[in-house]
Amino acid sequence: PIQAENLAAPALSHATLALILDSAGRLRSISTALAALLSAGPGSVGRTLAELSALKLPAGFRFDHESAAFPVEITRPGHRPTAFHGQLQILEGENDGFMLVLTPREESHYLALFEHAVEGLYRSSANGRFLEVNPALAYMLKYDSTAALINAVNDIGKDIYVSPGRRAALLKQLKTSERIENAVSEVRCADGSTIWISENAHVARDAGGKLEYIHGSFADISARRRAEAALETSEAKYRTLVEHIQDGVFLMSGGVYHYVNDAFAEMLGYTPAEMIGLEYMRIIAPEDRAAQEARRQRRQAGFRDTHEFEIHLLHQDGRTRVLAAVRVGAVETEQGIGTIGTVRDITATRENERRFRNIFENSVEGIFQTTPDGRFTAANPALAELLGYSSAEELINGVNDIAGDIYAEPAERANILELLETQGYLRDHEVRIRRRDGRCIWVSENTRVRRRDDGSVWCYEGTLRCINPNGVIERWLNTARSACS
């Protein structure tokens with residue numbers, strides 16, 4: 001190597017394409033190989049790089065920090081320009097300065113991979129400066145070029161990471177475990193916007209074990225984070241809905257519960273934690289276990305249809321039975337085919353139905369429900385007896401036209417429907433009807449209209465009560481006397 005007189009520069013290999021500059025940027029030494037390419041003789045020592053006309057550095061290049069992978073060209077008379085990758089290293093100590101090392105591009109296959117990688121790649125110093133970045137990282141962080149990114153970032157911890165202390169935490173982990181994988185961080189871009197990245201990195205140490213460089217990569221996961229955030233929001237909404245719904249909700253597989261909501265647990269006197277892992281057959285009432293076992297075998301055979309059924313469940317006290325309406329469907333779980341479903345306590349509903357059915361069946365008055373076109377859809381035994389039929393079913397099936405089959409005067413039903421249309425109900429309306437045996441009797445009718453949401457008539461509901469014919473005649477006579485007088 002050519003050395004400046006009275007300067008002890010680090011030794012350079014003859015084959016190395018390298019030169020050393022002092023702190024003022026003047027040439028201190030140059031390797032034989034690079035001197036030959038630049039046609040630089042001993043008189044070149046002490047010159048600046050700008051005076052070495054064959055060496056072309058990037059416009060605006062500064063000798064104030066370490067950097068790597070910047071383009072350099074050497075032009076020689078009669079030869080095509082030769083492209084190199086440049087790397088600038090800071091020399092510390094008594095003879096501080098810089099060392100510039102050139103690597104022929106066509107011989108650096110790893111640099112081609114570095115340049116064209118889709119992930120952002122970097123090499124940084126331990127004190128927080130980028131030494132080398134690839135185009136993908138510059139693009140990801142919205143810088144115009146790799147040089148712009150390297151020159152703009154003086155402290156990676158402050159300039160790149162959004163969270164204070166994030167780089168320090170990562171560096172501490174690197175020093176302990178030598179690498180980090182899939183570390184998620186929010187980082188700042190050139191325009192002030194932020195993105196989320198997943199980072200992998202490992203350390204490179206010198207011969208003495210001192211941390212020299214950090215090699216790493218950034219992968220933009222902003223879209224994934226947005227999707228995850230949207231999913232978390234959606235899950236939170238549905239979780240809130242499931243936890244506060246009055247119906248029970250459960251998930252089970254392998255014959256045990258893996259999830260139950262508060263409503264289901266409270267229905268049977270448990271807490272949700274007490275039901276997790278509970279064998280579901282333990283809460284099935286003995287009288288319903290055979291039917292439930294048949295459903296279980298059908299599910300295990302591969303049937304995944306959704307079905308509904310009613311079943312008696314045992315309360316935690318072992319005595320109380322809860323009549324439940326259950327709707328279940330199949331779902332894939334880690335344990336195989338599972339079952340997800342809802343449970344509604346219909347004990348009180350069925351009891352009310354039983355009570356009202358008892359009233360309906362045992363009432364002394366005839367109770368009915370009819371369609372607008374004149375057919376019975378419901379009738380109790382008292383009405384069947386009143387009209388001379390042996391049963392309610394016989395009455396419902398035997399009467400096709402209430403106006404002609406029931407009313408003594410068929411036009412009377414049309415009058416009644418007109419009253420119902422105008423006032424919505426009929427109260428204590430006395431009318432003569434015909435029994436099945438042809439005998440006519442007087443009854444008192446109470447009827448109301450039930451309508452659909454769109455206002456159309458759904459049905460008519462009411463009662464018929466047989467009244468004393470002598471009382472009817474007496475009222476007619478009183479009306480006639482009043483009219484004559």
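Counting begins at 1 with the first residue of the sequence.
In this structure, Arg282 places its CZ atom where only 12 or fewer heavy-atom neighbours from other residues, nucleotides or ligands lie under 6.0 Å away. For CZ of Arg413, the number of neighbouring non-hydrogen atoms (other residues, nucleotides, ligands) closer than 6.0 Å is greater than 12. Remark: Glu119 CD is packed, more than 12 non-hydrogen atoms of other residues, nucleotides or ligands lying under 6.0 Å away. Within 6.0 Å of the CZ atom in Arg451, the count of heavy atoms belonging to other residues, nucleotides or ligands exceeds 12. Annotation: Glu409, atom CD; neighbour count of heavy atoms from other residues, nucleotides and ligands within 6.0 Å does not exceed 12. Heavy-atom neighbours of Asp454 CG from other residues, nucleotides or ligands within 6.0 Å: above the threshold of 12. Surrounding CD of Gln316 are more than 12 heavy atoms belonging to other residues, nucleotides or ligands, all under 6.0 Å away. Heavy-atom neighbours of Glu418 CD from other residues, nucleotides or ligands within 6.0 Å: at or below the threshold of 12.
Of the residues listed (Arg295, Gln297, Arg289), the one engaging Glu293 in a side chain to side chain donor-acceptor pair (under 3.5 Å) is Gln297, and it is the only one. None of Asn397, Ile402, Ile396 except one satisfies the side-chain contact (heavy atoms from CB on, under 4.5 Å) rule with Val399; the exception is Ile402.
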One pair to check against side-chain contact (heavy atoms from CB on, under 4.5 Å): Asn352 and Thr349. What are the steps and the verdict? CA-CA 5 Å; Asn352 288 336; Thr349 301; 5.7 Å; no

Residues Asp345, Leu313; criterion side-chain contact (heavy atoms from CB on, under 4.5 Å); working and verdict: CA-CA 10 Å; Asp345 184 351; Leu313 304 177; over 6 Å; no

Tell me, with the steps shown, if Glu178 and Arg205 meet salt bridge (Lys or Arg N to Asp or Glu O under 4.0 Å). CA-CA 10 Å; Glu178 298 293 308; Arg205 298 183 182 274; 2.9 Å; yes

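Going from atom CD1 of Ile214 over to atom NE2 of His202 covers 10.0 Å, rounded to the nearest 0.5 Å. The structure places CD of Gln369 at 5.0 Å from CH2 of Trp458, a figure rounded to the nearest 0.5 Å. For the atom pair His429 NE2 and Asn446 CG, the distance stands at 10.5 Å (nearest 0.5 Å). Atom CE in Met267 sits 10.0 Å away from atom CD in Gln246 (nearest 0.5 Å).
Put simply, the side chain of Asn261 gets close to the backbone of Val249: a donor and an acceptor are under 3.5 Å apart. Between the Ser185 side chain and the Val187 main chain, no donor and acceptor come within less than 3.5 Å of each other. Counting only distance, with no hydrogens or angles, the side chain of Ser222 and the backbone of Trp196 share a donor-acceptor pair below 3.5 Å. Judged by distance alone, the side chain of Asp159 and the main-chain N or O of Asn154 form a donor-acceptor pair under 3.5 Å.
Among residue pairs with one or both ends in residues 259-298, those qualifying as ring pair (Phe, Tyr, Trp, His ring centres under 6.0 Å) are Phe250-Phe264, Tyr257-Phe264; sequence neighbours excluded.
Contact detail for Leu268 and Leu314: the closest heavy-atom pair is CD2-O, 3.8 Å. The two residues Ile276 and Val260 make their nearest non-hydrogen contact at CD1-N, 3.9 Å. Looking at every heavy atom in both residues, Arg321 comes nearest to Ala285 through NE-CB, 3.8 Å. For the pair Ile180 and Ala183, the tightest heavy-atom approach, listed with the atom from each and the gap, is CD1-CB, 4.2 Å. Minimum interatomic distance between Ser217 and Leu121 (heavy atoms only, all atoms of both residues): CB-CD2, 3.5 Å.
Cation-pi geometry between Arg123 and Tyr213 is met: under 6.0 angstrom from the ring centre, within 45 degrees of the axis.
Side-chain atoms of Ser363 and Glu365 form no donor-acceptor pair, as typed in the model, at a separation below 3.5 Å.
A salt bridge is defined here as a Lys NZ or Arg NE, NH1 or NH2 lying under 4.0 Å from an Asp or Glu carboxylate O, and Arg435 with Asp437 meets this definition. Arg436 has a carboxylate O that lies under 4.0 Å from a charged side-chain N of Glu394, or vice versa, which qualifies the two as a salt bridge.
With sequence neighbours excluded, no residue forms a ring-ring contact (aromatic ring centres under 6.0 Å, His included) with His312.
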